[in-house]
There are 2 protein chains.
Amino acid sequence: MVRAGLTTTRLIQAGAELADDVGFDQVTVSALARRFDVKVASLYSHLKNSQDLKTGIALLALEELADRGATALAGRAGKDALTALANVYRDYAREHPGRYAAAQLRLTPEAAAASAGSRHSQMTRAILRGYDLTEPDQTHAVRLLGSVFHGYVSLEMGGGFSHSAPDSQETWTRILDALDALLRNWPAR
Amino acid sequence: MVRAGLTTTRLIQAGAELADDVGFDQVTVSALARRFDVKVASLYSHLKNSQDLKTGIALLALEELADRGATALAGRAGKDALTALANVYRDYAREHPGRYAAAQLRLTPEAAAASAGSRHSQMTRAILRGYDLTEPDQTHAVRLLGSVFHGYVSLEMGGGFSHSAPDSQETWTRILDALDALLRNWPAR
DNA sequence: TCATTTGCCTAAACCCTTTAGGTAAATGCA
DNA sequence: TGCATTTACCTAAAGGGTTTAGGCAAATGA
């Protein structure tokens with residue numbers, strides 16, 4: 001009997017690949033066991049339960065996204081930074097649709113606290129340093145950008161913008177132009 | 001043996017209530033059968049399968065949302081209309097979280113074509129008549145508004161904006177102000 | 001080398017989905 | 001009103017996912 005060498009990390013990594021291959025909601029402990037050619041019950045030594053696997057994939061995706069964001073933001077400011085971070089989310093979702101879906105998972109407060117969630121808001125806040133916003137407008141703007149990035153990417157991935165002119169790339173560019181203009185002319189109360 | 005009076009319509013209606021009660025992803029044919037105190041197999045005379053139920057709930061939610069939107073828009077224009085439609089989405093999601101989640105379901109092209117989806121984009125387009133945008137900027141703006149509404153509501157429901165100042169209502173108001181300002185000063189290419 | 005720990009296994013219970021085929025209630029026509 | 005048909009719900013069963021309990025063999029380490 002040769003051992004498969006399962007670890008929680010490897011399982012979550014493979015789960016992320018599985019998610020990208022077949023969709024996040026098709027990720028099951030059973031499918032993962034099949035991938036390792038191992039019996040289902042064996043995974044339960046490494047995973048508390050099915051939810052645990054999904055949460056793990058979500059946390060992995062949030063970290064990867066934050067890492068990419070940090071890299072993209074390095075040395076950029078203003079609109080350049082805005083565009084770079086926005087494209088990180090969009091590109092990641094296209095390259096890793098399953099992981100991106102995982103990143104939208106509703107986390108428990110504990111999991112959320114341990115996640116890269118705060119890095120994400122920090123990065124958005126960093127972008128706003130290139131614009132002239134004071135609190136609490138900065139927070140409003142962070143939330144707006146988060147909403148647009150997430151909303152656009154998820155509608156685009158759902159096919160909402162395909163099969164109609166103008167193409168989605170064009171809209172994306174113009175929306176980033178518009179957001180930049182808005183941040184430069186943020187309306188006072 | 002007293003009959004329960006099941007019909008596809010009643011099942012989907014009850015499925016929508018179930019979704020609001022326990023969450024859309026907890027909606028199962030089994031749970032629905034329990035609610036009617038009927039055996040599971042009995043539902044399969046009215047429902048093709050489990051997916052069919054979920055799609056039905058999604059279509060119901062999209063119709064309800066479109067109906068509310070149409071009512072809200074009647075007699076309004078400009079920022080007034082913008083705010084009204086935005087609040088329709090946000091309020092609906094709060095009142096009917098399960099249905100709102102259902103409305104995000106990825107539909108097949110046929111289901112999507114038969115859905116109220118086009119009514120939604122038409123409503124957003126109607127709002128833009130109060131602003132001075134020509135094609136293709138109108139389409140870009142429709143997509144932006146859709147992204148913000150959907151993105152904000154889904155992040156807010158996920159708890160993203162709770163437990164931090166300023167409160168979410170304040171941000172929502174300021175975002176609508178900002179979008180109004182942006183639409184009035186949409187940047188040229 | 002032998003004891004301990006670790007990794008994967010079998011077995012079994014439970015829940016959800018879906019289909020096939022049956023019976024009783026409702027309906028509708030003479 | 002009586003009977004045939006249709007309709008509504010049922011039982012049974014197969015297939016798949018989740019999860020726990022308990023077992024044996026491989027790896028580790030004294």
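Letters A, B, ... mirror the listed sequences (proteins, then strands); counts begin at 1. Since the structure is predicted, the reported quantities are computational estimates derived from the model, not experimental observations.
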- Got a sec, which residues hit salt bridge (Lys or Arg N to Asp or Glu O under 4.0 Å) with B:Arg99, two or more places apart in sequence or on another chain? B:Asp20, B:Glu64
- Report the residues that fulfil side chain to side chain contact (heavy atoms under 4.5 Å, CB included) with A:Leu155, sequence neighbours left out, ordered by chain and then residue number. A:Phe161, B:Ser147, B:His150
- Heavy atom of residues 8-40 of chain B under 4.0 Å from DNA chain D: which residues? B:Val38, B:Lys39
- Output all residues satisfying side chain to side chain contact (heavy atoms under 4.5 Å, CB included) with A:Ala141, sequence neighbours left out; order by chain, then residue number. A:Leu128, A:Leu133, A:Leu183, A:Trp186
- Message: My understanding is that only residues two or more places apart in sequence, or in another chain, count here; which of them pass salt bridge (Lys or Arg N to Asp or Glu O under 4.0 Å) with B:Arg35?
- Response: B:Asp21
Please list, one pair per line, the donor and acceptor atoms closer than 3.5 Å that link side chains of residues 36-46 of chain B to other protein atoms, with sequence neighbours excluded.
| from | atom 1 | to | atom 2 | distance (Å) |
| --- | --- | --- | --- | --- |
| B:Ser42 | OG | B:Lys39 | O | 3.2 |
| B:Ser45 | OG | B:Ser42 | O | 3.4 |

- Item | Student check: side-chain heavy atoms of B:Arg189 and A:Arg174 closer than 4.5 Å | yes
Please set out all donor-acceptor pairs under 3.5 angstrom arising from side-chain atoms of residues 108-118 of chain B, sequence neighbours excluded.
| from | atom 1 | to | atom 2 | distance (Å) |
| --- | --- | --- | --- | --- |
| B:Thr108 | OG1 | B:Ala111 | N | 3.2 |
| B:Ser115 | OG | B:Ala112 | O | 2.7 |
| B:Ser115 | OG | B:Gly117 | N | 3.0 |

- At how many degrees, to 10°, do the end axes of the helix from C:dT1-D:dA30 to C:dA30-D:dT1 meet when each uses five pairs? 0°
- Which ones in residues 42-60 of chain A lie close to DNA chain C, meaning a heavy atom under 4.0 Å from one of its atoms? A:Ser42, A:Ser45, A:His46
- Query: Considering residues at least two apart in sequence or located in another chain, which fulfil the side chain to side chain contact (heavy atoms under 4.5 Å, CB included) criterion with B:Asp132?
  - Reply: none
- Pairing residues for B:Asp167 by the salt bridge (Lys or Arg N to Asp or Glu O under 4.0 Å) criterion, not counting sequence neighbours: none
- Scan residues 73-90 of chain B for pairs that pass side-chain hydrogen bond (donor to acceptor under 3.5 Å, both in side chains), counting only residues two or more places apart or in two chains. B:Lys79-B:Asp177, B:Asn87-B:Trp172, B:Tyr89-B:His120, B:Arg90-B:Glu156, B:Arg90-B:Gln169
